[in-house]
Every structure is written in structure tokens, then in C-alpha cells.
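This report concerns only the one structure given below.
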Amino acid sequence: DQLHRQSVLQAAEMAGLKSVRLVDRSIACVQSLSLDGNMESLESSLEPASDKTFLFVGVTGQATEVSVIRRDSARLNQLSTAGHWHTGTLPWLHRLVDLTANEFIRVHKFDPRKSSKTAGSLQMACEREMNSMLLLPSVTIKIEVRNKEKSVKILRRRWLQACEDLAARVRSTIKSACREASVSLKDIDSCVTMGPLLRIATIRDAVLRGHGEGLQIHPLDRPDAARGAAA
């Protein structure tokens, strides 16, 4: 996302702002772990602490982002980063759309992707059910076809099977970041995750396969990142 960062800096410079600091999300998330939930703990979070190696893995609508971070006393050092903004949650959504379309063909002998109207409805219906798919073993996806509602049932297990290569891509990104930092996955003390996909144990286990025993996993959300950024 360096292009986005540069755009923000350029806009700030044009506005006459002399100094702009852009917060790195991975650093902000790891920093938030040192806080107890309110800003009064900021001073205690800056006290010297034992050395620790963190792995940040974020799969969000923005991108897939992986960082290896080492805490040395009170300072966080980002050792490496990997990822790409084309590999966020959108490909996972596209797999759900394709899986649902194929199920409509099987059940209703109708491909909703053939019409721009039903294709748009399918896309929106899958987006709405994406969060439900993260929590439930199955979801029912409904669209309107010729003023009649048609629906299909999608099993989360089948969706995850269709996304195995996407999970492998995230795992490859993690390996790349660890290799660049000269750190083994077994040497990671804590893993910080961001994004609803990584709350699914099946996906999380697939991308973190080979980690050391006792690895602490901390799923965080955007408010946690904001809190860490403020700190």
C-alpha cells in the first residue's frame, strides 16, 4: 500500500502540513496488546518488557498483510513485511459467488451470472451472508428471479474446500515474511490476527501450521488497531 501512503503524504504536503506520521497497522495492533483497555495504561505499556517475537497476519477487505515484529525492551521493531492488496477477502467472496452460482445451476437449472441484474443480486446476497458463513456451518442464499424468490443452501465446509489454495497463499506469505526476518514459525511467541476470516479455526490452523507449542493467538479488530495507533 505504498501508493496509498504516498498519496496521503502528498495531500498533506499540498495542504501545508509540515509533519505527517502514518501509523503502520501491524505495529499498532501489537502495541494494543500492551494496553488494558484504556489510555491510562499508556505509561505502563512503555515500561521495559522481556524480548518477544510477534507475527501479525491480517486478511481484510484491504489486503493480506503479514509482519514479523520483535519487541526489544520497550521498543517494537518490524523485521519484515509481506503481502499484497489484491489478496484480501475479495477472492474468498468470489469463491462463494461461484460456488453459489453452481448450486443454483444444480438445483434450479439457472445460472444467475448470465444476467447482469441477477449477477448483481447474487454478489450482494453473498456479501450479506459472508459474515454468517464465518459463524454458521451453512447459510441460505436467496435472490429474486422473475419476481420469485429462489434460494440454495451452501455448506461452509464446501466453501472452505474451494478456498484451500487461498489459505495456502496466505501461508506462503507468512513463510516469506519469516524467511526475510530469519525467524522460524516455531520461534514466534504470539500471533496477532486481524480480519473475520482468521477467526475460523480451520483457516487459522491451515495458515499457521507448523507453529511452536504454546503459541498465543490474539484476534483483534479495527478499534484495537486504533487504540494501539493512539498509544
Side-chain angles (χ1 to χ4, degrees), residues 1-5 7-8 11 25 29 56-66 82-174 176 193-209 219-226:
D1 282 347
Q2 290 305 312
L3 178 61
H4 298 163
R5 292 172 178 269
S7 298
V8 173
R25 184 166 56 176
C29 286
F56 171 82
V57 185
V59 182
T60 64
Q62 293 177 313
T64 292
E65 180 183 358
V66 177
H84 197 281
W85 69 280
H86 276 310
T87 57
T89 56
L90 195 57
W92 299 76
L93 174 61
H94 287 166
R95 296 295 169 85
L96 180 58
V97 169
D98 290 339
L99 183 63
T100 305
N102 291 333
E103 193 66 9
F104 267 103
I105 294 173
R106 187 185 71 82
V107 175
H108 300 291
K109 307 297 187 278
F110 164 73
D111 187 349
R113 295 169 297 187
K114 296 297 184 181
S115 163
S116 59
K117 182 178 180 180
T118 53
S121 298
L122 176 65
Q123 174 88 9
M124 290 187 290
C126 288
E127 287 178 3
R128 286 194 300 268
E129 296 300 331
M130 187 77 159
N131 286 335
S132 299
M133 181 68 80
L134 303 177
L135 302 171
L136 303 173
S138 66
V139 297
T140 299
I141 297 179
K142 306 173 183 178
I143 63 172
E144 190 174 288
V145 181
R146 299 187 184 93
N147 297 323
K148 291 183 179 181
E149 187 177 79
K150 295 184 181 292
S151 65
V152 294
K153 183 179 180 180
I154 302 296
L155 299 177
R156 182 174 68 181
R157 172 177 50 81
R158 289 187 58 203
W159 174 56
L160 293 179
Q161 288 173 347
C163 296
E164 286 180 351
D165 63 313
L166 300 179
R169 185 187 299 171
V170 177
R171 178 170 169 75
S172 176
T173 303
I174 292 173
S176 176
T193 66
M194 174 168 278
L197 286 175
L198 295 174
R199 291 182 179 270
I200 299 178
T202 305
I203 298 177
R204 193 171 60 244
D205 292 344
V207 303
L208 294 175
R209 190 169 63 248
L220 301 184
D221 293 316
R222 293 181 186 276
D224 300 300

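No experiment lies behind these values; they were computed from the predicted model shown.
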For the student: nearest non-hydrogen atoms of [X] and [Y], plus distance:
X: Ala63; Y: Trp85; result: CB-CA, 3.4 Å
X: Thr89; Y: Gly61; result: OG1-CA, 3.4 Å
X: Pro91; Y: His86; result: CG-O, 3.8 Å

Indicate yes or no: at least one non-hydrogen side-chain atom of [X] is less than 4.5 angstrom from one of [Y].
X: Leu99; Y: Gln161; result: no
X: Cys126; Y: Leu93; result: yes
X: Arg25; Y: Arg222; result: yes
X: Ile105; Y: Asn102; result: yes

Check against side chain to side chain contact (heavy atoms under 4.5 Å, CB included), Leu122 and Phe104: CA-CA 10 Å; Leu122 176 65; Phe104 267 103; 4.3 Å; yes
Which residues share a side-chain hydrogen bond (donor to acceptor under 3.5 Å, both in side chains) with Asp205, sequence neighbours left out: none
Test side chain to side chain contact (heavy atoms under 4.5 Å, CB included) applied to His108 and Val152, step by step: CA-CA 9 Å; His108 300 291; Val152 294; 3.9 Å; yes
Spatial distance of atom [atom1] ([X]) from atom [atom2] ([Y]) [nearest 0.5 Å]:
X: Ile200; Y: Trp92; atom1: CD1; atom2: CH2; result: 8.0 Å
X: Ile174; Y: Leu208; atom1: CD1; atom2: CG; result: 5.0 Å
X: Lys150; Y: Ser121; atom1: NZ; atom2: OG; result: 13.5 Å
X: Arg171; Y: Ile203; atom1: CZ; atom2: CD1; result: 14.5 Å
X: Arg157; Y: Leu155; atom1: CZ; atom2: CG; result: 5.5 Å
X: Arg95; Y: Glu164; atom1: CZ; atom2: CD; result: 10.5 Å

Those residues that, when tested against Ser172, pass side chain to side chain contact (heavy atoms under 4.5 Å, CB included) (two or more places apart): none
From CA spacing to verdict: side chain to side chain contact (heavy atoms under 4.5 Å, CB included), His94, Leu166: CA-CA 11 Å; His94 287 166; Leu166 300 179; over 6 Å; no
Side-chain donor-acceptor pairs under 3.5 Å in residues 127-142, sequence neighbours left out?
residue, atom, partner, partner atom, Å
Glu127, OE2, Gln123, NE2, 3.4

Side chain to side chain contact (heavy atoms under 4.5 Å, CB included) evaluation trace for Thr118 with Phe110: CA-CA 10 Å; Thr118 53; Phe110 164 73; 4.0 Å; yes
Passing option when Val59 is tested against Leu198, Thr173, Val207, Thr193 for side-chain contact (heavy atoms from CB on, under 4.5 Å): Leu198
Donor-acceptor contact below 3.5 Å, side chain Asp221 vs main chain Pro223: no
Residues, nucleotides or ligands: over 12 heavy atoms within 6.0 Å of Arg199 CZ: yes
